[in-house]
Amino acid sequence: MYSEIQRERADIGGLMARPEYREWNPELIKPKKLLNPVKASRSHQELHRELLMNHRRGIGVDSKPELQRVLEHRRRNQLIKKKKEELEAKRLQCPFEQELLRRRQLLNQLEKPPEKEEDHTPEFIKVRENLRRIATLPSEERAL
């Protein structure tokens, strides 16, 4: 038995270790190597093939990862937004601009009707006032 094991190992050349369970009992179920589901997926294989082709052609993959590019894009947008706000603030610092803005706000407030106060009153009070007006009108005006 020992000589058989040595012959098998000589055939392999000692590169691979033979599992010991094969020598114990031939009736045992031999385990199979599990497949990696990522490597077995078709999309992974296609991606790997595409990367190999690009490598052979010398086409470089983007030097920066996608996350880093997105973060840089956000930072750039934030800086641009901040600069716009600073320019707007500097523009409004002029006393003439400030006075114009204040007068525009006053005009807007004056143009708005004072309906805001009436909006806070409950609906039944408005209806009651309308009924009083109708009741106090002379009968000739109601007919019109």
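The environment of H44 atom NE2 is dense: over 12 non-hydrogen atoms of other residues, nucleotides or ligands sit within 6.0 angstrom.
Between L35 atom CG and S41 atom OG the span is 11.5 Å, to the nearest 0.5 Å. Taken from CG in L51 to CE in M53, the straight-line distance is 11.5 Å, to the nearest 0.5 Å.
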N/O donor to acceptor pairs below 3.5 angstrom from side-chain atoms of residues 71-81, sequence neighbours left out:
unit_1: E72; atom_1: OE1; unit_2: K64; atom_2: NZ; d: 3.0
unit_1: E72; atom_1: OE2; unit_2: K64; atom_2: NZ; d: 3.4
unit_1: H73; atom_1: NE2; unit_2: N77; atom_2: ND2; d: 3.3

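Other residues sharing a hydrophobic cluster with L100 under the 4.5 Å side-chain heavy-atom criterion for ILVMFWY residues are F96. Counting side-chain heavy-atom gaps under 4.5 Å among Ile, Leu, Val, Met, Phe, Trp and Tyr, the cluster of L131 also holds V127.
Applying the side-chain contact (heavy atoms from CB on, under 4.5 Å) test to Q105 and every residue at least two apart in sequence or in another chain returns L101. Checked against side-chain contact (heavy atoms from CB on, under 4.5 Å), E86 has the following partners two or more places apart in sequence or in another chain: K82. Residues satisfying the side-chain contact (heavy atoms from CB on, under 4.5 Å) test with I125, not counting sequence neighbours, are P122, E129.
A salt bridge (charged side-chain N to carboxylate O under 4.0 Å, His left out) check over residues 93-108, counting only residues at least two apart or in different chains, returns the pairs R91-E97, E99-R102, E99-R103. Applying the salt bridge (charged side-chain N to carboxylate O under 4.0 Å, His left out) test to pairs two or more places apart or on separate chains, none has a residue in residues 36-57.
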